[in-house]
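Taking it in order: structure first as C-alpha cells, then the write-up.
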Amino acid sequence: EAGVAQSPRYKIIEKRQSVAFWCNPISGHATLYWYQQILGQGPKLLIQFQNNGVVDDSQLPKDRFSAERLKGVDSTLKIQPAKLEDSAVYLCASSLVLYEQFFGPGTRLTVL
Amino acid sequence: DQQVKQNSPSLSVQEGRISILNCDYTNSMFDYFLWYKKYPAEGPTFLISISSIKDKNEDGRFTVFLNKSAKHLSLHIVPSQPGDSAVYFCAARGGADGLTFGKGTHLIIQP
C-alpha cells in the first residue's frame, strides 16, 4: 500500500514570498490533515478535511494560509505572504474515520 | 496552554532494559490516545493507541497504560532495542479527529 506522498520535500524562500505544498493521501482515506511542526515542538493541526469539506480550521492563520482539497483526494496548502515564523515542517496525514492517522514525510520550509 | 505534556525532552536507556515514556494531559474530553515514533527526516509513524475506556493495551514489546484519574499515560518498551532510538510523541484526540501532540521525548538506546 502506497503511503502519503508530499512534495516538495524541502523549500527555501524569502519572507513575503508565496509557497505551496502538495499532498496525495492514501487511496480511500476520506480524512486529510495538515499539521505544522516547528523545531522542538510537536505537530500542530492546521486544518482537517473530510472528503472535500473542511471539518476544522480553527488553528489555521487565515490571513496568510489557505488550503483546498479538490475532488476529495489531493490537497494543497498555500502560504501568502510567508513570514520568518512560518519556518517549520509541514506534515500531511490521512486516515479512515476513527482510525490512526498515517503521515507523509513532510515538507521542510525555511523562510529567510 | 499545552493540553498534552511530555516533560522529559530526552531519555537514555540501556539496550535490553525497559524504556518508560510518560505523558500528561489536561483536557477531560480526550477520548483516544496514541503514541507515534519519529525518525529524522521522516513523518511520524503510528505505534500504539488506547481508548479512554481501557487502562492497558499491549502490542508485542510495546504497552500503553492509561490512568484517567491522574490524566496520565505511559508507554513501556520491553526489551529496548537500538532501533527504538527515535523521538516519541504522545497524542490525544477529542471531538473531531485532529490530534493534539506533546513536544516529544527523544529516546536514546545505549549498547
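The structure presented is a predicted model; accordingly, all values stated were derived computationally and were not measured. Below, read A as the first sequence line, B as the second, and so on, with proteins coming before strands; counting in each chain starts at 1.
- If you look at A:F103 and B:F46, their ring centroids are not closer than 6.0 Å.
- With a 6.0 Å radius and a threshold of 12 heavy atoms from other residues, nucleotides or ligands, A:L39 has its CG atom at or below the threshold.
- A single hydrophobic cluster is not seen to contain both B:L66 and B:I53; linkage of ILVMFWY side chains at heavy-atom distances under 4.5 Å, directly or through other members, places them apart.
- Within 6.0 Å of the NZ atom in A:K62, the count of heavy atoms belonging to other residues, nucleotides or ligands exceeds 12.
- For A:Q6, no part lies near chain B; criterion is any non-hydrogen pair under 4.5 Å.
- At a threshold of 4.5 Å between side-chain heavy atoms, the hydrophobic network of Ile, Leu, Val, Met, Phe, Trp and Tyr places B:L34 and B:V4 in two separate groups.
- With hydrogens and angles ignored, the 3.5 Å screen pairs a side-chain donor or acceptor of A:Q48 with a backbone N or O of B:G98.
- Side-chain atoms of A:Y35 come within 3.5 Å of backbone atoms of B:L99 as a donor-acceptor pair (strictly under, hydrogens ignored).
- By the rule that hydrophobic residues join a cluster once side-chain heavy atoms approach within less than 4.5 Å of another member, A:V89 and B:F101 end up as members of one cluster.
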Run the side chain to side chain contact (heavy atoms under 4.5 Å, CB included) check on B:R93 and A:E100 step by step: do they pass? CA-CA 10 Å; B:R93 190 189 70 201; A:E100 67 269 14; over 6 Å; no
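- Distance check, rounded to the nearest 0.5 Å: OG1 of B:T100 to NZ of A:K44 gives 11.0 Å.
- Heavy-atom contacts from other residues, nucleotides or ligands closer than 6.0 Å to CZ of B:R17 number 12 or fewer.
- What you find for A:Q37 and B:F89 is that their closest heavy atoms are NE2-CZ, 3.3 Å.
- More than 12 heavy-atom neighbours from other residues, nucleotides or ligands sit within 6.0 angstrom of CD on B:E15.
- When all heavy atoms of B:G43 and A:L91 are compared, the pair lying nearest together is CA-CD2, 4.1 Å.
- Side chain of A:R9 to backbone of B:A41: a donor-acceptor contact under 3.5 angstrom is found.
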